[in-house]
2 protein chains.
Amino acid sequence: MQISKGVEWAAHAAALLNGLPPGRGLKAEALARFHDVPAAYMAKQLQALSKAGIAKTSRGAHGGYRLAKPADEITLWDITAAVDGKGPAFRCTEIRQNGPCGLKPEDCKRPCQIAAAFASAEQAFRDSLTAVSLADLAGQVVKDSEPDHLLAMMNWLNAEAEPLSEKSA
Amino acid sequence: MQISKGVEWAAHAAALLNGLPPGRGLKAEALARFHDVPAAYMAKQLQALSKAGIAKTSRGAHGGYRLAKPADEITLWDITAAVDGKGPAFRCTEIRQNGPCGLKPEDCKRPCQIAAAFASAEQAFRDSLTAVSLADLAGQVVKDSEPDHLLAMMNWLNAEAEPLSEKSA
DNA sequence: GCCTGACTACTCGGATACCTATTGTCCGAGTCGAACAGG
DNA sequence: CCTGTTCGACTCGGACAATAGGTATCCGAGTAGTCAGGC
């Protein structure tokens, strides 16, 4: 079981977007440079956030990304689902219907107990991630960080973040 | 995020092993045939169960597999971990230490909040699976199945299950 | 007739190919801003 | 000097390769039963 590396990047990127002043945006290249990851691949994750309605984009000159919603309405699960997909991790192939003692499909009204157990576990996983919003993360980061580091980040954001045009996708 | 297909096979195989009479065993080929899956790959999953101490094996003529522990001491998480690995699904690469505003390692005493959130979610996932034992599954299956189907399974087991030698790995 | 030994058949175990999904990259589509020409 | 148009540069978006991990397979290691030979 493995979660795409892009989820980590997208989560950190979203957290950074949350930190920039209102009306400002960051382009994909800047977000990638901040985290020192390949720009093109980071752009791919940002696209996913955009499609999911988590980030807004502006194209053209002075384009870039910014959050589409207040940080407290964006959960870690939203980001994970956007990048990694919403599909279940455990894919029941109904092998109980196979083989010499296979069940007939009409006898399978009850879901496979194994699949049901995994579905329940995945629900617990989702619930746990849904309980964490970007706003929570930002609060923790601010509380845990050294003051001079926060200052450095603010300076960097003010230098990189550009006002972007109002039109957005 | 995706769980290996082998987990499903291993779980069903373990459930079947739980159903056979004491002192009897099933060979990998029979377990594969019962579920209509490739024998060699099923054998691979059974090996994993064996290494994890969930199943006992006997080699040579009249060899085969049987459970190594009572069914109520074997959880779905045990099986999942045996086949899919115990490693975390979310792999934090500490990108917060990268880039122009990267944190110094000595400032990273606190774990990354994003990684911590995922660790917590995965713990919830594990807990949910740990709460389900093979014995629970067997009980549900018996309760949900048609009587004639149970009879067919018993007949098949009695035909295929052979007494296996006591020596085991 | 009984014991001993080796042989054979059968099964598991790990090492080996293949194939899908993740990872990483590129070029075209679209947009904005500025420069320029005309009024 | 102001305005409309054109051009150019910049950024996102989706299509295109490379690679790692899951999927599938095969052959060797090891064991138990069997059979033959000797006592």
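From a predicted model like this one, the values you see are computed outputs, not experimental measurements. Here is how names work: the chains are called A, B, and so on, in the same order as the sequence lines, proteins then strands, and each is numbered from 1.
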- Can you tell me the distance, in whole Å, between the CZ atom of B:R59 and the P atom of C:dT11? 13 Å
- Message: Below the 4.0 Å mark, does C:dT22 have OP1 or OP2 next to a side-chain nitrogen or oxygen of A:K44?
- Response: no
- Message: Side-chain N or O of B:S58 versus OP1/OP2 of D:dT31: is the shortest distance under 4.0 Å?
- Response: no
- Message: Please determine whether a side-chain nitrogen or oxygen atom of B:Q2 lies at a distance below 4.0 Å from atom OP1 or OP2 of D:dG22.
- Response: no
- Query: Within the pair A:Q47 and D:dG14, is there a side-chain N or O less than 4.0 Å away from OP1 or OP2?
  - Reply: yes
- Note on the structure: Only one of A:V132, A:N18, A:V142 passes side chain to side chain contact (heavy atoms under 4.5 Å, CB included) with A:L137, and that residue is A:V132
- Message: Whether the side chain of B:R24 engages the backbone of B:E162 through a donor-acceptor N/O pair (distance < 3.5 Å, no angle test) should be reported.
- Response: no
- Message: Do A:D127 and A:T130 pair up side chain to side chain, a donor and an acceptor below 3.5 Å, judged on atom types alone?
- Response: no
- May I have the distance from B:Y41 (atom OH) to D:dG21 (atom C1'), rounded to whole angstrom? 10 Å
- Query: Out of D:dA24, D:dT25, C:dC12, which nucleotide sits closest to the side chain of B:P38?
  - Reply: D:dT25
- Message: Measure CG/A:L46 against P/D:dC12 and give the value in whole Å, please.
- Response: 8 Å
- Under 4.0 Å between a side-chain N/O of B:K5 and OP1 or OP2 of D:dT23, yes or no? no
- Message: If you assign B:A39 and A:A40 each to the DNA chain D nucleotide with the nearest heavy atom, which residue ends up on the more 5' nucleotide?
- Response: A:A40
- Have a look at A:A43 and say if it touches a base, only the backbone sugar-phosphate, or nothing, with a 4.0 Å heavy-atom cut-off. nothing
- Message: So which atom in B:S4 and which in B:Y41 form the shortest heavy-atom distance, rounded to 0.1 Å?
- Response: OG-OH, 4.2 Å
- Protein-nucleotide distance (B:D84, atom CG; D:dG22, atom P), rounded to Å: 7 Å
- Would you mind reading off the distance between A:R66 atom CZ and D:dC12 atom P, rounded to a whole angstrom? 12 Å
- Task: Go through the side-chain N and O atoms of B:D144 and A:Q113 and say whether any donor and acceptor fall under 3.5 Å apart.
- Result: yes
- Item | Short side-chain N/O contact from A:S4 to OP1 or OP2 of C:dA21, under 4.0 Å | no
- Which whole-number value in Å describes the distance from B:E29 CD to C:dG13 P? 16 Å
- Establish, with yes or no, whether the OP1 or OP2 oxygen of D:dG13 is under 4.0 angstrom from a side-chain nitrogen or oxygen of A:K51. no
- Note on the structure: Rounded to whole Å, CE of B:M1 lies from P of C:dT20 at a distance of 23 Å
- Item | Phosphate contact (C:dT20 OP1 or OP2) by A:R91 side-chain N/O below 4.0 Å | no
- Separation of A:K27 atom NZ from D:dA9 atom C1', in whole Å? 12 Å
- Note on the structure: Between B:L49 and B:I79 the two heavy atoms that sit nearest each other are CD2-CG2, 4.1 Å
- Query: Which is true for B:A28 with a 4.0 Å heavy-atom rule: it touches a base, it touches only sugar-phosphate, or it touches nothing?
  - Reply: sugar-phosphate
- Task: Using a cut-off of strictly less than 4.0 Å, decide whether B:Y65 has a side-chain nitrogen or oxygen near OP1 or OP2 of C:dG13.
- Result: yes
